[in-house]
Amino acid sequence: MWKNKDIRIMILLQGLVLIMASIGCFFFSFISHYIMAGAVFLIALIGYMVLFYRNKRIAELSNYLSRITNGEHFMDIRDNEEGELSYLKNEIYKVTRKLEEQAELLKKDKHYLADSMADISHQLKTPLTSMMVLSDLLQQELPYEKRKQFIDRIQSQLARMEWLVTSLLKLSKMDAGTIVMKEEVVIVKELVSHALETLWIPAELKGVTIQVEVEEGCSYIGDFEWSKEALTNVLKNCLEHTKSGGSLSVYGVKNPLYTEVEIKDTGEGIDKEDLPYIFKRFYRGKNASSDSVGIGLAMAKNIIMKQQGQIEVESEVGKGTIFHIKFYKR
């Protein structure tokens with residue numbers, strides 16, 4: 001109560017009136033009852049005026065809140081006066097600004113969700129259309145080899161759809177914050193070995209050599225399985241863009257600040273215009289293959305960042321690409 005400027009002024013004025021009345025009664029005792037009556041009236045009048053002023057300010061706040069409810073979020077009612085009402089006005093303004101910021105974020109999330117759903121629908125539509133055409137063809141009288149070829153294509157499209165749906169579910173869980181990364185010691189040599197398990201045969205068939213060099217004792221604190229997922233996606237991307245006769249190199253080094261996994265290929269490289277966007281979800285650059293959906297690198301970056309790491313890329317068209325993955329010491 002004493003922090004409020006209005007109350008302090010009211011008490012000061014009422015006290016002053018009371019002191020003046022007491023002095024008046026002392027010197028003019030024969031009219032003391034009139035003096036006290038006048039003092040009581042003035043004290044009551046001062047209290048009423050202060051109460052009226054406070055009620056007016058409260059009514060202004062109430063009107064302000066009503067206008068906020070109706071969507072007017074940009075009114076500035078802050079003031080630098082002392083008192084509880086001024087403090088309340090400033091706090092209401094802060095809450096209003098936070099609500100406005102949250103509303104903007106929700107609006108962006110809504111647009112992002114709509115765009116994502118459109119992208120997902122587009123990505124699923126292509127293999128579905130292909131399978132529908134192939135299934136129609138299979139109903140006709142076809143030679144065994146042709147039927148086998150169409151069935152293989154359908155199985156390939158189904159595998160692609162399964163991977164797409166699984167990847168999207170993983171990304172959705174990350175966006176929702178429902179995935180908790182483990183904090184365990186990840187040995188980089190073991191991590192690279194597991195990440196390359198499914199890539200040795202495709203690399204051999206394509207004629208791409210893979211070289212691995214990892215320092216002894218190279219490790220970091222993170223989640224092994226999710227790190228493997230991220231590393232596999234980056235390695236797979238490099239392998240897809242490396243022509244026959246090329247090479248893929250993986251290096252693991254450590255220093256007092258971070259552990260780094262460097263992945264280098266001799267592929268076609270990434271165009272400068274595409275470089276800023278290659279980690280964006282559903283982005284397909286100029287050199288993207290027809291089967292690319294633009295999820296692998298986006299997922300890899302998300303996983304790495306969830307472990308307080310970072311991924312950077314440098315590339316030159318016609319010479320190759322280098323990915324730098326860093327996991328900082330904790």
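In this chain, numbering begins with 1 at the start of the sequence shown.
Shown here for Ile322 and His324, the closest heavy-atom pair between the two residues is CG2-NE2, 3.5 Å. Closest of all the heavy-atom pairs between Gly252 and Val188 is CA-CG1, 4.4 Å. When every heavy atom of Val208 is checked against every heavy atom of Lys243, the shortest pair comes out as CG2-O, 3.6 Å. Cys238 approaches Leu248 most closely through the heavy-atom pair CB-CD1, 3.6 Å. Gly246 and Thr266 get closest at one heavy-atom pair: CA-OG1, 3.3 Å.
Counting non-hydrogen atoms of neighbouring residues, nucleotides and ligands closer than 6.0 angstrom, the CD atom of Glu162 reaches no more than 12 such neighbours. In Glu216, the CD atom is not crowded: 12 or fewer heavy atoms of neighbouring residues, nucleotides or ligands sit closer than 6.0 Å. Enclosure of atom NZ in Lys326 by more than 12 non-hydrogen atoms of other residues, nucleotides or ligands within 6.0 angstrom is indicated. The 12-atom threshold is exceeded at CG of Leu257, counting heavy atoms of other residues, nucleotides or ligands nearer than 6.0 Å. Remark: Lys280 NZ is loosely packed, at most 12 non-hydrogen atoms of other residues, nucleotides or ligands lying under 6.0 Å away.
Ser249 contributes no side-chain N or O that, together with a main-chain N or O of Gln211, makes up a donor-acceptor pair within less than 3.5 Å. Remark: the backbone N or O of Glu215 is not paired with any side-chain donor or acceptor of Lys254 at under 3.5 angstrom. In this structure, the side chain of Thr321 does not engage the main chain of Ser315 through any donor-acceptor pair within 3.5 Å. Remark: side-chain polar atoms of Lys272 are not paired, donor with acceptor, to backbone N or O of Val317 under 3.5 angstrom.
The distance from the CE atom of Met161 to the CG atom of Leu128 is 4.0 Å, given to the nearest 0.5 Å. In this structure, Glu190 CD and Lys228 NZ are separated by 12.0 Å, a value rounded to the nearest 0.5 Å. To the nearest 0.5 Å, atom CZ of residue Arg153 and atom CE of residue Met131 are 14.0 Å apart. Atom CZ of Phe150 and atom CG of Asp136 lie 11.0 Å apart (nearest 0.5 Å). Atom OG1 of Thr209 is separated from atom CD of Glu204 by 11.5 Å, given to the nearest 0.5 angstrom. Taken from NZ in Lys306 to CG in Asp223, the straight-line distance is 12.5 Å, to the nearest 0.5 Å.
A continuous path of ILVMFWY side-chain contacts below 4.5 Å connects Leu134 to Ile151, so both sit in one hydrophobic cluster. Residue Trp200 is grouped with residue Val234 when hydrophobic side chains (ILVMFWY) are merged at heavy-atom distances under 4.5 angstrom, including chains of intermediate members. By the criterion of side-chain heavy atoms lying less than 4.5 angstrom apart, applied directly or through intervening Ile, Leu, Val, Met, Phe, Trp or Tyr residues, Val133 is grouped together with Leu138 in one hydrophobic cluster. Placement of Phe323 and Tyr251 in two distinct hydrophobic clusters is found when ILVMFWY residues are connected by side-chain heavy-atom separations under 4.5 Å, directly or transitively. Hydrophobic clustering (side-chain heavy atoms under 4.5 Å, transitive across Ile, Leu, Val, Met, Phe, Trp, Tyr) keeps Val253 apart from Val212.
With 3.5 Å as the limit, one finds a donor-acceptor pair spanning the side chains of Tyr328 and Gln310.
Relative orientation of the His194 and Phe224 rings is perpendicular, given thresholds of 30° and 60° on the angle between their planes.
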